[in-house]
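Accompanying notes for the structure given below.
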Amino acid sequence: MSQDAKKRQVAEAAFDRIRDMLDANTPIGIGTGSTANHFIDVLGESGLQIGGAVASSDATKNRLVQIGIEILDLNSTGSLSLYVDGADACDPRLNLIKGGGAALTREKIIAEASKFFLCIADDSKRVDVLGEFPLPIEVIPMARSLVGRKLVELGGDPAYRQGVITDNGNVIIDVHGLSIVDPQALETAINQIPGVVTCGLFAHRRADSILLASDAGVIELTRD
Ligand code: 5RP
C-alpha cells in the first residue's frame with residue numbers, strides 16, 4: 001500500500017474512532033499536513049455537522065472552509081475536547097516531532113488547549129528514538145544566527161529552511177543529527193533560547209493516542 005493510501009486509511013480510522021465525540025455543538029482542533037488533509041476530506045464526505053474548528057494553519061483553514069466548516073478563534077472556544085493532527089515522527093511513549101509543514105507553533109497551542117490529542121500517521125513515522133527526522137524550530141527572524149549557534153552547543157546541526165516563512169511571519173531552523181533520549185529536557189532547553197518561538201518536540205504535551213496505518217491495518221498506541 002502506498003504511503004498516501006495509508007494516510008487515507010488512518011484518516012478513515014480516526015473518523016470512526018472519534019465519531020461519538022463529534023456533534024453540531026462541539027468545536028474541535030484540526031492540524032496541518034497531508035494526513036490531516038485526508039481527515040478533513042473524510043469529515044466532509046461524512047456529511048456530519050460539527051460545531052466548527054480551530055485550524056492550525058492558513059492552509060487548513062482554507063480546506064475547512066471549502067467543505068463548509070466554520071473557522072473558530074481559540075480565544076472564543078475555550079478548551080477543546082479533541083485535536084486531530086499528523087506527525088513527522090513518534091516514539092513508543094507518544095512523544096512527537098512535528099513541524100515538517102511549518103505549522104508547529106499553532107499546532108502546539110491547539111494541542112495544549114485540547115483534552116484529547118489524537119495523532120494520525122502512517123507507520124513510516126514510528127521510531128524507537130526521535131531525532132532522525134530533523135527537528136523543526138520556529139524562530140524570530142533576527143535571532144536566526146544566534147539560535148543556530150546555541151543549537152550547535154546543544155549538539156545539533158542546524159539548517160535554515162530556505163524560502164519558508166511561517167503563518168506567524170517567522171523562519172524555520174531544522175536541526176539534524178540529534179538522538180533525543182530525553183525529549184522533555186530537550187524541549188525545555190530549546191524553548192528557553194531567546195528568539196525561539198517553539199520547537200517541534202511535543203513531549204510536555206505529547207499525544208494521548210496515536211493511530212498508525214500499516215499494510216496489516218491500523219493499530220492504536222496509547223499511553224499505558
Ligand atoms: C505540520 C506537521 C504535520 O503534522 C507533519 O509534517 C506530518 O505531515 P504529513 O501528514 O503530510 O506527513 O507537523 O507542521
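Start at 1 with the first residue, then count along the sequence. Each ligand, and each atom within it, is numbered from 1 in the order the structure gives.
When only non-hydrogen protein atoms are considered, atom 10 (O) of ligand 1 lies nearest to T35 OG1, 2.5 Å. Among protein heavy atoms, atom 4 (O) of ligand 1 sits closest to K98 NZ, 2.9 Å. Atom 1 (C) of ligand 1 has as its closest protein heavy atom E107 OE2, 3.1 Å. Ranking protein heavy atoms by distance to atom 11 (O) of ligand 1, first place goes to S34 OG, 2.5 Å. Given atom 12 (O) of ligand 1, the protein heavy atom at minimum distance is K125 NZ, 2.7 Å.
Below 4.0 Å from some heavy atom of T32 lie the following atoms of ligand 1, by number and element: 1 (C), 2 (C), 3 (C), 4 (O). When each atom of ligand 1 is checked for a heavy atom of D88 under 4.0 Å away, the hits are 5 (C), 6 (O), 7 (C), 13 (O). The K7 neighbourhood of ligand 1 comprises atoms 9 (P), 11 (O), 12 (O), with distances under 4.0 Å to a heavy atom of that residue. The ligand atoms of ligand 1 that sit less than 4.0 angstrom from a heavy atom of A102 are 14 (O). In summary, the atoms of ligand 1 found under 4.0 Å from a heavy atom of A103, numbered by their order in the structure, are 14 (O). Close contacts of ligand 1 with G100, meaning ligand atoms under 4.0 Å from a residue heavy atom, involve 6 (O), 13 (O), 14 (O). Listed by number with element, the atoms of ligand 1 under 4.0 angstrom from any heavy atom of G99 are 2 (C), 13 (O), 14 (O). When each atom of ligand 1 is checked for a heavy atom of D85 under 4.0 Å away, the hits are 4 (O).
The shortest heavy-atom contact between T60 and G31 is OG1-O, 2.8 Å. Nearest approach of S34 to K7, heavy atoms of both residues: OG-NZ, 2.9 Å.
Within the 3.5 Å criterion, the main-chain N or O of F117 finds no donor-acceptor partner in the side chain of R206.
Residue-to-ligand polar distances place G101 within reach of ligand 1: an N/O pair is separated by less than 3.5 Å.
Salt bridge absent: R149 and E153 never bring a charged side-chain N and a carboxylate O closer than 4.0 Å. By the 4.0 Å N-to-carboxylate-O rule, D58 lies close enough to K61 to be salt-bridged with it. Taking the charged nitrogens against the carboxylate oxygens, K115 and D208 have no contact shorter than 4.0 Å, which rules out a salt bridge.
One hydrophobic cluster holds both I97 and I137 under the rule that ILVMFWY side chains link at heavy-atom gaps under 4.5 Å. Transitive grouping of hydrophobic side chains (ILVMFWY, heavy atoms separated by less than 4.5 Å) keeps V164 and V171 in distinct clusters.
Residue-level proximity to ligand 1 for A121 is absent, since no heavy atom of it falls below 4.0 angstrom.
To the nearest 0.5 Å, atoms CD1 (I71) and CD1 (I69) are separated by 7.5 Å.
Note that R144 lies in the cation-pi zone of Y160, set by a 6.0 Å cut-off to the ring centre and a 45° limit from the axis.
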